[in-house]
Amino acid sequence: MRSLFRAAAGCLLMLWLHTGYAADTGWLQSPQNTHAKVRLQAQSADSSEQETRLLLSVSLEKGWKTYWRSPGEGGIAPSVEWQKPVTAQQVKWFWPTPARFDVAGMTTQGYHDDVTLPVTLSGSAPAIIAGTLTLPVCSNVCILTDYPFSLDLSSAGGNADFARQFAAAMGKVPIPEGLADNVTAGYRAGVLHIAAHREQGWQNPQVFTDTLEGSSLGKPVVRVDGQRALFTLPVTDEWGDKAQDISGKTLSIVLSDNGLAQQISLDVSALPADAPGSIALWQVALMALAGGFILNLMPCVLPVLGMKLGSILQVEQRNRKSIRVQFLASSGGIITSFLALALLMTLLRYTNQTLGWGIQFQNPWFIGLMVLVTAVFTANLLGLFEINLPSKMTTRLATHERSGLSGHFAEGAFATLLATPCSAPFLGTAVAFALAAPLPVLWGLFLMLGIGMSLPWLMIALWPGLAMCLPRPGHWMLRLRLFLGALMLSACLWLLSLMQNHFSALFVAVLAGVLLVMLFALSLRRYGLRNCALTAVAGALLAGAAMVIVTQFSGAGGKQLRDDIAWQPLSEEAIQSALAAKKVVFVDVTADWCVTCKANKYNVLMSEDVQKALTENDVVALRGDWTLPSKPINEFLQKRGSVAVPFNQIYGPHNPAGEILSPLLTRDAVLQGLEDARGAR
């Protein structure tokens with residue numbers, strides 16, 4: 001009786017186990033390939049899900065590898081030729097995060113040891129799933145092996161172990177989000193650049209790219225810089241020759257770091273010819289040198305150059321040695337200030353703050369300090385006060401022939417601070433490259449910027465005869481000093497106007513009034529009523545003449561100074577929406593503290609023909625304001641490899657990737673860019 005009970009229980013157990021099993025081919029191995037074996041398992045779908053789940057397991061001998069869905073520079077991906085009624089349209093493959101390895105000198109993407117690929121079939125499951133798996137495996141040689149299989153689902157039911165295995169395999173598939181905060185891709189001249197930002201930083205970032213039709217992507221060069229991971233990949237055609245332009249295409253990638261992986265789809269933008277990361281370091285260094293030099297020609301620095309000229313004129317014995325020492329001190333101030341900016345950028349990077357050229361002018365405290373400094377310099381140039389050192393200190397400084405070196409050093413430092421709201425040619429490229437580069441490169445490029453800006457000063461230090469060509473001291477020096485003081489006062493009032501972005505217009509107007517009244521009162525005491533009255537009348541006449549000139553330019557016979565463009569807020573969505581409507585898009589990112597932006601506005605954007613072009617029906621004008629800190633604007637600029645304003649870009653049906661214009665706009669460049677983006681009408 002007991003034996004009969006055991007037999008019945010055994011039969012019931014066998015029946016229960018049979019219904020709990022998933023369909024399973026067991027391990028399949030081909031006599032032509034003893035280096036790999038495969039196994040397929042399947043489980044019937046729940047009727048409500050209309051889905052059948054399969055697991056394809058591959059076990060490889062040590063030293064042998066198989067491929068990912070995009071093999072890389074060589075190889076083919078595993079595939080299945082399905083037998084009816086299953087069709088390829090029903091099948092969806094899920095690919096775990098691959099690894100990168102080299103085969104026969106080519107970089108490839110795939111798996112080694114053991115890997116399990118989840119697969120799903122949509123729709124009602126047939127009773128029999130059959131087909132032929134084609135599996136490539138490689139070591140020193142490559143073998144392509146076929147594995148016919150058949151799975152009977154009619155006897156396969158729910159199985160907890162299969163569900164666990166399927167869940168474990170899906171856990172190794174990259175997720176759609178959660179690893180990187182912001183990822184961008186850009187292309188230029190056979191090189192693909194991918195930048196990924198992650199708040200937690202990176203440990204061992206890797207990127208795996210899907211195939212682009214007609215192109216081959218090589219092994220990436222990886223560089224980690226704090227929260228940014230930068231990948232540079234060579235691009236060729238399928239035969240290893242010159243690549244086609246992949247800008248505007250959509251690229252699928254997998255980004256991974258220490259066990260985490262994310263599947264990302266990116267639109268590849270066209271990088272400008274001077275985009276960061278697309279040129280050699282020595283070229284960027286030369287750009288930094290040139291950009292720093294050109295800063296001397298920008299209107300931001302003119303008042304300080306005037307101050308320097310005034311300091312030379314005040315030297316009683318203009319000997320070569322004293323002039324050389326003065327200009328060397330000023331050069332030291334410039335270079336030291338650029339190194340201080342490099343230190344500031346380093347601190348901002350480690351505290352996860354916004355990086356950009358001139359961003360300190362977004363801070364009202366910095367603007368207030370600059371207003372105070374320029375006001376003091378104005379009063380000094382106007383002769384309203386003098387700094388007299390004690391007689392012993394004066395004698396000691398004179399003995400060492402180093403009188404006033406600290407003042408000359410401060411002039412150089414002050415020139416650097418006033419230069420930061422200006423964006424000159426080459427400057428934006430060098431700064432953008434520096435801010436994205438490792439810290440030693442950042443410091444080196446800021447040093448080159450400082451040397452570039454100090455080049456004119458160093459030239460006079462090397463050839464003091466250039467400064468000694470100035471006329472002898474005389475009464476004209478007083479008038480020149482007053483003129484330089486007026487220049488500095490203009491700079492002070494301009495800086496004061498920037499405070500309107502942080503305080504009310506009434507407060508700024510009162511502050512400006514108090515400043516002007518104080519200067520007038522001190523001037524009255526210093527120069528007397530008659531001289532001050534004459535100066536005030538002359539200033540009023542100059543202001544009136546300026547107003548007349550502006551009025552003439554804004555009239556019918558002159559240059560249009562009225563902005564009729566219907567500017568819309570800048571956003572990525574606005575650009576894509578306009579492109580979808582076959583529109584031309586003109587992007588202008590500006591700031592109130594940016595002097596170059598003002599020059600572009602009044603000299604180019606407000607000219608009559610540009611106004612007409614930007615108000616046509618097929619043109620959408622988008623403007624971003626970076627006067628105050630703005631994370632969207634900062635991200636917009638960084639995505640395009642820029643950290644400075646002005647920034648202008650043109651999109652259109654014939655240029656969907658966008659063309660970035662030079663920081664110094666010209667009428668012809670804007671009009672031609674609009675026509676190129678529009679194409680044939």
Measure across [X] and [Y] and return the closest heavy-atom pair with its distance rounded to 0.1 Å.
X	Y	answer
Val235	Ser215	CG1-CB, 4.2 Å
Gly186	Val268	C-CG1, 4.1 Å
Gln32	Ile143	O-CG2, 4.4 Å
Phe231	Pro205	CZ-CB, 3.8 Å
Gly218	Leu233	O-CD2, 3.6 Å
Leu151	Leu40	CD2-O, 3.6 Å

Ile253/Leu266 under side-chain contact (heavy atoms from CB on, under 4.5 Å): CA gap, chis, key distance, verdict:
CA-CA 8 Å; Ile253 68 170; Leu266 296 172; 3.8 Å; yes
Parallel, tilted or perpendicular, as decided by the 30° and 60° cut-offs, for the rings of Tyr111 and Trp95:
parallel
Specify whether His35 and Trp64 have parallel, tilted or perpendicular ring planes, treating 30° as the upper limit for parallel and 60° as the lower limit for perpendicular.
parallel
Are more than 12 heavy atoms, taken from residues, nucleotides or ligands other than [X], located less than 6.0 Å from that residue's [atom1] atom?
X	atom1	answer
Gln200	CD	yes
Glu572	CD	yes
Lys249	NZ	yes
His197	NE2	yes

Expected output: side-chain [X] to main-chain [Y] donor-acceptor under 3.5 Å:
X	Y	answer
Gln672	Ala669	no
Gln206	Ala99	no
Gln263	Pro174	no
Glu659	Gly673	no
Asp181	Glu199	yes
Ser70	Gly72	no
Glu81	Gly131	no
Ser150	Ala130	no

Please examine the side chains of [Y] and [X], heavy atoms only from C-beta on, and report whether any two atoms are closer than 4.5 Å.
X	Y	result
Gln29	Thr34	yes
Asn33	Val137	yes
Leu661	Val670	yes
His654	Arg678	no
Trp93	Val80	yes
Tyr67	Cys142	yes
Pro569	Leu622	no
Val207	Ser256	no

Determine whether the side chains of [X] and [Y] contain a donor N or O and an acceptor N or O closer than 3.5 Å.
X	Y	value
Gln41	Thr25	no
Asn258	Asn204	no
Thr132	Asp146	no

Taking atom [atom1] of [X] and atom [atom2] of [Y], what is their separation to the nearest 0.5 Å?
X	Y	atom1	atom2	value
Phe636	Ser571	CZ	OG	9.0 Å
Leu255	Ile264	CG	CD1	5.0 Å
Tyr147	Thr134	OH	OG1	10.0 Å
His112	Glu61	NE2	CD	15.0 Å
Leu28	Leu133	CG	CG	8.5 Å
Leu55	Phe162	CG	CZ	4.0 Å

Verdict with supporting geometry, Asp257 and Arg198, salt bridge (Lys or Arg N to Asp or Glu O under 4.0 Å):
CA-CA 11 Å; Asp257 188 33; Arg198 188 185 185 201; 2.9 Å; yes
Working note: Leu230 + Val222, criterion side-chain contact (heavy atoms from CB on, under 4.5 Å); need CA distance, chi angles, decisive distance, verdict.
CA-CA 6 Å; Leu230 305 171; Val222 185; over 6 Å; no
As a test of understanding, state which of Ile650, Leu570, Ile660 forms a side-chain contact (heavy atoms from CB on, under 4.5 Å) with Val587.
Leu570
Answer yes when Asp210 and Arg69 have at least one side-chain N-carboxylate O distance shorter than 4.0 Å, and no when they do not.
yes
Could you walk me through whether Lys582 and Asp618 pass the salt bridge (Lys or Arg N to Asp or Glu O under 4.0 Å) test, one step at a time?
CA-CA 8 Å; Lys582 306 299 182 183; Asp618 66 336; over 6 Å; no
Could you go through the side-chain contact (heavy atoms from CB on, under 4.5 Å) check for Thr52 and Ile129 one step at a time?
CA-CA 10 Å; Thr52 303; Ile129 296 178; 4.1 Å; yes
Phe647 and Leu637: CA distance, side-chain angles, deciding distance, side-chain contact (heavy atoms from CB on, under 4.5 Å) verdict
CA-CA 8 Å; Phe647 177 87; Leu637 292 173; 3.7 Å; yes
